[in-house]
Amino acid sequence: MLATFAEFERSMIRERQREGIAIAKAAGKYKGRSASLSSTQAEEVKAKVAAGIPIAKLAREYSVSRPTIYAALKAA
């Protein structure tokens, strides 16, 4: 019997949470993480990779990880 009430209360909590998140998103509170590289930097990285500069060197130059460089190349 108690488990039924607990399950009902949990579903009510989750519903209120979803409503709160929807309100926050509408207000612009959920913006996500900012990009490590700007679009200008991503274009520079793409050009430098085309010129033959190693990914590891670019990662050190822009103070980001190698996967970030690869993600920027994939997006550009």
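Everything numeric in this text was worked out from a predicted model, so none of it was measured.
- Between E7 and R10 the shortest side-chain heavy-atom distance does not fall below 4.5 Å.
- Sorted by first then second residue, the salt bridge (charged side-chain N to carboxylate O under 4.0 Å, His left out) pairs that include residues 16-31, not counting sequence neighbours, are E9-R16.
- Going from atom OG of S38 over to atom CD of E44 covers 7.0 Å, rounded to the nearest 0.5 Å.
- The line from NZ of K46 to CG of L58 is 14.0 Å long, rounded to the nearest 0.5 Å.
- Proximity of F8 to T4: side-chain heavy atoms (C-beta onward) are nowhere separated by under 4.5 Å.
- Minimum interatomic distance between Q41 and S36 (heavy atoms only, all atoms of both residues): OE1-O, 3.9 Å.
- To the nearest 0.5 Å, atoms OG (S63) and CG (L37) are separated by 10.0 Å.
- Remark: E61 pairs with K48 by the salt bridge (charged side-chain N to carboxylate O under 4.0 Å, His left out) rule, at least two apart or across chains.
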Donor-acceptor pairs are to be reported for all side-chain atoms of residues 68-76 against protein atoms at under 3.5 Å, with residues two or more places apart or in another chain.
from, atom 1, to, atom 2, distance (Å)
T68, OG1, S65, OG, 3.0

